[in-house]
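It should be emphasised that the depicted structure is a prediction, and the values quoted were computed from it without experimental measurement. Sequence lines set the chain letters: A, B, ... in the order given, protein chains first and strands last, and positions in each chain run from 1. Computed from heavy atoms alone, side chains included, the values below leave out hydrogens, waters and symmetry copies.
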Amino acid sequence: MTVGGENAVVDPSKAAPAGKPLVRASGVTKSYGGVQALVRADLELMGGEIHALLGENGAGKSTLVKVIAGREQADGGELEIAGGHADVSVVYQELTIVPALSVLDNVFLGHPTVKQLMRRRSLRPRARQYLDALGLEHVDLDRPAGELPLAERQLVEIVRATARECRTVILDEPTATLSDVEIERVFAAARRLRDDGCAVVWISHRLKEVFELADKVTVMRNGAHVSTDPASALTTDELVARMIGSRALQERERVARVHASGTGSARVRLERLALPGRFAPLDLELAAGEIVGITGQIGSGADWVTKTVAGLGRDRAGRVVVDGREVAKPGVREALAHGISYVSGDRAKDGVFLDVTVERNISSMVLGEVAPGGVLQRGKERSLGERLGRLMAIDRRRLGSRAGELSGGNQQKVSLAKSIAPGPKLLVLNEPTRGVDVGARAEIYDHLRKLADDGAAVLLFSTDLVEIIEACDRVVTMFRGRVVRTADVEGLDEQAILRDILHPQEEEVAA
Amino acid sequence: MNIAKLARDNRASLLRIALLLALVLYFSANRAGFLDTGNLFSLMQAFALLGLVAFGLSVTMIAGEFDLSVGAMVAVAGIIAIKAGGSGAAAGLAVAVAFGLGVGILNGLLTVGLGVSSLVVTVGTQIMLTGLAYGLAGGQTVSYENFQVAADVDQVIATIFSPRSLVAIAAGVLVWLLLRCTRLGRDIIATGSSREAAAAAGARTRTAVVVSFAISGTFAALAGALLAFSLLSAAPTTGGDLLLQAVSAAILGGVALAGGIGGMAGVAVGALTLTALNNGLSFIGASDAAISISNGLLLLAVVTISAGGPARLAELVRARIRRPATS
Amino acid sequence: MSPLQTRRPALADGGAAAAADTRVSEQQGFAAWLRERDMQTLAIRGAALVILLYACVAVDGFGTVDNVKSLLQSVALIGIAAVGTAFVTISGNYFMLSVGATTAVSTIVFAKALSLGLPLALVVTLGAGAIAGLVQGAAVGLLNTNPIVTTIAAASLILGVGQIVSGGLTVNADSTSADVLNNTIVDVLPVRVLIFFAVALVAHWVMQKTRFGREVRLTGSNREAAELAGLRVRRVIVLAFVLAATAAALSGALLAAEASQGNLRLGATFDFDVIAAVLVGGVLVTGGRGSIIDAAFGAVFIGMVGNILIVSGQPYELQLVAKGAIVILSIALAALASRRRR
Amino acid sequence: GSSDDSSGSSGGSDGGGAAAVQTSDDVSGKKVILLTVTPQCDYCARATRAFEETAKRAGLVVEKKITNYDAAEQADQVNQAIAQRPDAIAYWPADATASIPSLNRMKAARVPVIVTNSSPGERYSDLFNAFTGPNDTRLGELAAEGLIRGLEEKNGRAEGNIFVVGGQPGSPPAIQRLEGFERTLAERAPGIRIVGNQPGNWDQTQATTAADGLFTANAGKNIVGVYAQADNMAAGVIVSAKRKGLDPRRLVIVGGNCQPEGLRNIRSGEQYSSVLQSPLDDGRLAAEAVVNVLSGRDQEHNDYLPAEVIVRENLATCAEGVG
Ligand SMILES: Nc1ncnc2c1ncn2[C@@H]1O[C@H](COP(=O)(O)OP(=O)(O)OP(=O)(O)O)[C@@H](O)[C@H]1O
Ligand SMILES: Nc1ncnc2c1ncn2[C@@H]1O[C@H](COP(=O)(O)OP(=O)(O)OP(=O)(O)O)[C@@H](O)[C@H]1O
Ligand SMILES: O[C@@H]1[C@@H](O)[C@@H](O)CO[C@H]1O
Ligand SMILES: [Mg+2]
Ligand SMILES: [Mg+2]
């Protein structure tokens, strides 16, 4: 029906009869400048099902979602939505919580039924109900949303999507910033929606979730539809093969893990390191060649350990020692001078320069090297960009694009490449593969491993336990600001780690 | 709600009010008569102009935009009011305000329609409006013959107010209500706080921007028209300093340049602070240099305090002191 | 091998090769060049060219060497100040609203200092400007104060000091010692214009090619990310303000040399002209994007439009209306052009 | 009136010289509030200073309120001044046209008012006790006289094309000077044609830009002279002429206000004439008028500054006036 221009939408007053799809997109195309984001995208959503939408970074998932929600105009193709764009609610991949508004106002922002003269009193109980359902009983309705931690903001966003009471609910990587407990709540919410007859689209790079949750799975590759199957008919390997296509599986063959713990010499020592109000004094040694994971729920302080080591905790106590030299005072530059490099957990906020080209992002932490004597050398910058781009599996042709034009996962790779550029002695990462697809994630782990093999130490905070187990040699688990235990990953399973960070036994909590 | 928490949550607002009180205290201690009704009337008259313009401008700032054209609007609206006021001041006022509304909407539409920074758009309209002012006035100061009108708009009400200052106060209250109690107001704040996020969430960001410019255009025009009737004349050069004063008032009042933050109560305090400073300095007959320098110091102090400057300064100093000890 | 082939993506890059995404069509030649540019700056340059050609043909007296010379002379001072201000803008700190005050007080400092000889007078004036910039930069960069209010405050302080120094009176300058600044080289290139070109080119080079310039841009693009990346954010901001204020002081010195006097009202109206030049030049107000040379173009563009209108005998009000309309038209053009591109 | 321009400086019956006012017990200790304009303009600063000195010598207590040519702010200052109950107000209107409501208020409050420098006009003369300051129409006439003399001297006859670089458009001095200037030319030298007029806003740089355009626009018309409404703007015109390769000495450039720039350029021959308008006289006359009004002495209602054409021969008069 439509080619270009407005996305034509079926009259919303005509409800979709049973058995008819709520949303049907076929042959949708969309390009940004020279980039064809959607080549031929098909998707059909039925009420009462959870439909996983999978694909590599840049496959076009988010773009398709935006077209369905009416946020972007397709260049061509057909789109039918039973209830119109207004019957589609979306949790976008990038946070769309408005920091200056209260939690209450955020929940009802853009809600179609809110009257021009707002009567907040009548909205409060409704908001409360939706928030409580996602485990946000403790969150004050009047608190500015910008003050909430990242995970809670993400949950509020999900609350907003459910509060709209649309028949199609699309969740674009809703769990990327959440830890397992919270993820369970989101699962429950998604199931409730399905049981109420909604079509739920679930986009995620965590394949485990998909098998747990989804009824149907659609895979996209290079902007086009690859396949749609019942989830039960697929295996992980099949899924991965479809997602990454010709690159197939041999690329996932990983460098064998060398357990370095106890073998290498201690490169980094944290001695009685503490940040008042965040985490209690802890001791930790990282050997050269070792990847140490650190994990915990919100409020565990685990993420603050990485930030503090990277120089961000201003009031820290204790010592950070790298190769026998103490990092005398807090501060990012000081940490960098001692060979500590940091990868932020919030790439849009402070992880990448969205306005700046990929190449210039990559060189941003080593300007001294690409500009000897203060004058930039184009060739040096270019070859640096190419080298690190290759390591991080960033499309070479995108080196000249503004980072903001890349898909979320590819932005994450840029963030990593940038921090690896200085050749750090200690690489500190905060949720390093948030939103990164399986293929690229494996590549990133490989690279972390190579970096470690070259003698660096790696400290990695993640709430993704699969990541901890896949990527790390040792893990530090934390609960309410204290270390629960430090253990070799080998022999640990997710259950064990989860137990640590949820219900630590009294005697296990370090004094 | 306990008072300590309330005080902690509103530290910045309390600081601002304290500053205003300190100024008032200083001037009245320095010279008897500062708080006399006659002088308070003069203070409120000054507020009538600055406050009104600042209220409007700060709505655009809260929406994450900026209206550089308010100063020129004050001038041109005054001229329009006088030219169109031949058959009666009310008609002149109406035409001028309608003009302000129209230009405001135009500013807003250009900004959202072109998807460019409103600073650039309003630099353009600012220059054009000034040209229009010169054109309409034919290079002259235009004057109004009906003396009664000036007496009316500036007549004393309740010893320190006048219709002009009451209009300004009413305008502030209206916007306060808009931002607090309406969906549009919420969308304006959301738009300023995070444009992309607000739009993605379905807030009417374009409407919000256009409305905020409509408000600032209307308020500036209203201020200009009332001023013209108060002075019985209007000149293309009016309002030259007003823009910077209004920005200062808004920022003193806690409106963030980045958008999303601030409210009319704060802006009122900000405008009153500037007004009290200028009124006070003029009251004690301060020298030219003293006026400039105290204005500068006050602004610098407020902006430093509101940036958490003293604490940062202490921190920087501590860091300096600590460094040699560790090496 | 044709250039087309050399730029093909290398697909045989081995195991960890970049994802081969066939959708990215690498654009060549003009299209690629176009994509790289900021449409606003292109639109401004294009519009400038069109207007220029039109004026040369249609406006009597416009296209003469003398007119172009005097046009550039009158643009030079705004241009120098705009080039300096662009550092502040690109660093993410909007504008320096103390440009006018700095220029005005600099005319007094220069006029007073000229008795020490030209070189010393320049050093003193630029030094005073640099100090003014240092103070503002320190407030914004170290104490995180709001740049707009900080520079409005600084303008008041600077003018206050200027009043104390001059008592509000005009300071006469012995202009003969500053004559070289008023000269014209081989009858075509006025020294002041030469200085403008030199300042613009050097500043442009600094912004594009030096580490400092890159740091300014990155800081303006995202200050928090810049801090996390270990860039010298504070130093960068302080320096941006120092450069801007020094440029404003240089404008003041040239102005005083030309006027043979210092006066608090000389150049006091520069603020808005400078802002208009920077904006029309396509520098992104929120920082990060834009180039120095385009701020200079912006100044020339606005000056040229004004000149054409005067030369063609238009009344003052029409000049203003036309100038404003052109500012808006140029950005509209740019916006439409970049929309078409998508 | 043409007789005013050469009348004595302190008007009134005692008609004495500069230091005629004696400290008399009837005014000393009385409070006068001076409402004045920007300290950033040289002329204003000098006039304000002269006022203060003269008033203090007479024993008056002076309080000063300054505005940067902001009529709105000045209206508030008038309210404040009335509240402060002075014995008299000396009022330099930021915009004479906008001063009527303020004059009404001061009159209603029964405060004696001396308007200085910018006259609201004859129509409103019952609203204030006296006006002292320049007669701007007369200043324009004298500028025209200078131009005519210069053309006769340099070219043998008073004819040809000239242009005008004016003050702030809309400001009374700019309007009135042009009026007087044009009228005199029409009467006495109809062969002189004004071919262009652009504002220089009392600013040298802007005057330069305006002249740049005017010289170019009229390149074919053989410009023989320029009227810049103040000497600093004339200095801008000279700069522009040099840029165009014109020798200012061969043009007849006339200015006004007797500013330091004018002194210098007339001496060097690059400017032909100026018009005497001494800021010192301006300030002093106002202060003397305050004293006269307060002590019940006679005070002429319109007390104009002495004005005359200044050329190289009588430059000394000008130098004295500037102080
Ligand atoms: N605003 C834009 N400008 C230019 N290119 C864009 C823009 N938005 C998306 N793209 C490009 O479109 C393609 C599809 O991106 P999209 O965000 O849909 O991928 P995705 O499947 O959601 O990936 P991810 O899993 O990383 O989120 C990518 O190549 C991306 O770079
Ligand atoms: N992400 C979303 N999820 C669910 N509903 C949405 C979403 N975005 C928009 N909507 C709904 O679609 C409606 C129209 O949104 P749209 O963005 O088209 O409004 P708009 O064009 O911005 O309005 P205006 O022009 O008045 O600013 C909104 O009222 C909202 O309810
Ligand atoms: O000549 C005028 C004076 O009369 C005064 O108004 C100030 O500006 C000068 O140029
Ligand atoms: Mg995506
Ligand atoms: Mg919208």
With chain D, which of S282(B), A150(B), S233(B), G285(B) has the greatest number of heavy-atom pairs at distances under 4.5 Å?
S282(B)

Top contributor to chain D contacts, counting heavy-atom pairs under 4.5 Å, from Y134(B), Y144(B), F283(B):
F283(B)

Which value, rounded to the nearest 0.5 Å, describes the distance between L232(B) atom CG and I100(D) atom CD1?
8.0 Å

Among N201(D), D95(D), V62(D), single out the residue with the greatest number of heavy-atom pairs under 4.5 Å to chain B.
D95(D)

Working to the nearest 0.5 Å, report the span between CD1 of I284(B) and NZ of K64(D).
12.5 Å

Should R105(D) and D154(B) count as side-chain neighbours, where that means a heavy-atom distance under 4.5 Å?
yes

Starting at CD1 of I66(D), measure out to CD1 of I291(B) and round the result to the nearest 0.5 Å.
5.0 Å

Of the listed A83(D), P101(D), S102(D), the one with the largest count of heavy-atom pairs under 4.5 Å with chain B is P101(D)

Contact check, side chains of F147(B) and N104(D), non-hydrogen atoms, under 4.5 Å:
yes

Point-to-point distance, once rounded to the nearest 0.5 Å, from CG of N278(B) to CG of D76(D):
10.0 Å

Which atom pairs, donor and acceptor, lie under 3.5 Å between side-chain atoms of residues 29-38 of chain B and protein residues at least two apart or in another chain?
unit_1	atom_1	unit_2	atom_2	d
N30(B)	ND2	Y26(B)	OH	3.4
R31(B)	NH2	E63(D)	OE1	3.3
R31(B)	NH2	E63(D)	OE2	2.3

The interface call for S292(B) against chain D, heavy-atom contacts under 4.5 Å, is neither

Separation of T36(D) OG1 from D288(B) CG (nearest 0.5 Å)
9.0 Å

Once you round to the nearest 0.5 Å, how far does CG of D70(D) lie from OG1 of T237(B)?
9.0 Å

